[in-house]
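A short write-up of the structure that comes next.
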Amino acid sequence: MRSAELARLAGVSVRTLRHYHQVGVLAEPPRDTNDYRSYDVHDLVRVLRIRRLAALGIALERMPELLDDGADADGAPLLDELDRELADHITRLTRQREVVARLREHRAAPDLPPELAPAMAAFAAAGISPDLVRADRDQAVLVSHLVGEEGRQHLAEFYRRLSAHDVVDVLAGLTERFGRLDAGSDDREVDAVAEGFVEAFGALVTELAVSEPLPGFDRAAAFLGEHSADLLRLRQREALDLIEAGLTRLAGPDADGPARGA
């Protein structure tokens with residue numbers, strides 16, 4: 001039989017047969033007088049066996065010894081290994097589904113750290129500017145990646161407290177004033193916005209500050225500054241500098257944590 005007929009009978013494509021030849025699990029048969037490959041029933045059986053092994057998750061490069069050793073080959077060790085791999089894969093998939101469920105619950109972006117999804121949803125529901133919510137999401141993705149597991153726990157707690165119903169409305173009002181700062185804003189407006197943030201959230205920053213620097217936080221803070229510089233107007237950057245200075249004074253010179261630079 002020719003390759004097209006073998007492929008049809010075995011339920012694969014001719015391209016797949018060529019791939020089997022290339023990786024060495026199916027020998028290339030001799031060609032007939034018309035220069036076509038000529039397959040027989042033994043080739044069909046081998047392709048069907050290859051398909052069965054592939055369905056179990058066995059990689060093609062691991063198949064030759066199983067195919068060539070015949071029915072007497074001891075497949076128990078390989079099946080045990082496959083079972084462990086499948087169990088690990090199921091565990092990973094289960095965790096992925098849990099993350100997807102959390103993100104769907106809060107209608108969050110797929111690239112958002114799931115522990116921050118409730119906070120971002122609360123920010124959006126409170127009426128905070130979509131541009132500022134988006135910028136905060138990007139910064140949260142950056143910081144969450146750089147600070148490690150311990151840092152993510154502090155970051156998640158900070159956002160949880162910041163998005164509480166008795167806090168998020170205050171945050172929304174202040175961010176609205178922050179969003180209006182532009183070249184026409186005078187020093188009094190910049191100072192007032194900065195003082196409002198420090199007064200509203202200084203106690204929270206002080207409470208959550210930690211005495212030892214979190215791993216990766218210095219680098220994250222530097223990247224946050226660079227990220228903000230590209231997105232914010234001059235007067236907004238001035239207000240942000242005043243806010244950070246005020247919060248740092250309240251937290252103490254040796255304190256560090258997710259609130260600084262956030």
Side-chain angles (χ1 to χ4, degrees), residues 98-99 101-109 111-144 147 149-181 185 188-211 214 217 220-221 224 227-228 231-232 235-252 254-262:
E98 291 171 353
V99 170
R102 291 179 66 183
L103 294 173
R104 290 179 64 190
E105 178 185 359
H106 300 286
R107 298 184 178 180
D111 56 356
L112 184 69
E115 60 270 17
L116 304 184
M120 294 301 169
F123 295 162
I128 293 177
S129 162
D131 288 341
L132 290 177
V133 172
R134 191 158 43 248
D136 198 34
R137 179 204 64 196
D138 290 349
Q139 293 187 352
V141 169
L142 176 64
V143 175
S144 179
V147 298
E149 182 61 32
E150 181 184 0
R152 277 193 291 274
Q153 293 176 7
H154 284 279
L155 187 68
E157 176 62 12
F158 176 69
Y159 272 93
R160 187 189 71 79
R161 298 284 294 276
L162 202 60
S163 61
H165 71 278
D166 57 339
V167 177
V168 72
D169 288 339
V170 176
L171 177 65
L174 288 169
T175 54
E176 182 182 3
R177 292 171 60 190
F178 180 83
R180 291 200 302 265
L181 293 177
S185 303
R188 281 190 307 172
E189 291 176 273
V190 174
D191 290 344
V193 169
E195 290 169 2
F197 271 100
V198 174
E199 180 180 347
F201 304 112
L204 176 60
V205 172
T206 301
E207 180 182 345
L208 295 179
V210 293
S211 57
L214 295 172
F217 188 79
L224 285 178
H227 187 267
S228 298
L231 297 177
L232 301 179
R235 302 255 70 179
Q236 290 175 325
R237 294 200 300 270
E238 291 172 350
L240 193 62
D241 289 341
L242 291 172
I243 292 168
E244 182 174 354
L247 294 177
T248 300
R249 283 195 301 272
L250 288 176
D254 297 324
D256 201 351
R260 291 181 62 187

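What's counted below: heavy atoms across the whole structure, side chains too, no hydrogens, waters or symmetry copies.
Judged as a side chain to side chain donor-acceptor pair (under 3.5 Å), not a single pair has a partner in residues 114-130 (not counting sequence neighbours). Applying the salt bridge (charged side-chain N to carboxylate O under 4.0 Å, His left out) test to pairs two or more places apart or on separate chains, none has a residue in residues 191-206.
Annotation: the span from Gln153 atom CD to Ser144 atom OG amounts to 11.0 Å, rounded to 0.5 Å. A distance of 4.0 Å separates CD1 in Ile128 from OG1 in Thr175, rounded to the nearest 0.5 Å. One distance of note links CG of Leu232 with CG of Asp241; it measures 10.0 Å at 0.5 Å rounding. From Arg249, atom CZ reaches atom OG1 of Thr206 across 11.5 Å, with rounding to the nearest 0.5 Å.
Closest heavy-atom contact between Ala126 and Ala172: O-CB, 3.6 Å. Here the closest non-hydrogen pair linking Ala192 and Arg177 is CB-NH2, 3.5 Å. The heavy-atom pair separating Arg102 from Pro114 by the smallest distance is NH2-O, 3.4 Å. Leu112 and Met120 get closest at one heavy-atom pair: CD2-CG, 3.6 Å. Contact record, Ala200 with Leu174: CB-CD1, 3.9 Å, taken as the closest heavy-atom pair. Among all heavy-atom pairs drawn from Val141 and Pro113, the shortest one is CG2-CD, 3.7 Å.
Contact check for Val193 versus Arg180: no side-chain heavy atoms found under the 4.5 Å cut-off. Side-chain contact between Phe197 and Leu247 is absent, with no heavy atoms from C-beta onward closer than 4.5 Å. Residues His227 and Leu231 are in side-chain contact: their nearest non-hydrogen atoms beyond the backbone lie under 4.5 Å apart.
Side chains of Gln139 and Ser228: a donor-acceptor N/O pair is present below 3.5 angstrom, by distance only.
A salt bridge links Arg161 to Glu157: at least one charged side-chain nitrogen sits closer than 4.0 Å to a carboxylate oxygen.
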Atom pairs and distances, side-chain donor-acceptor, residues 162-171, under 3.5 Å, sequence neighbours left out:
residue	atom	partner	partner atom	Å
Ser163	OG	Tyr159	O	2.9
Ser163	OG	Arg160	O	3.1

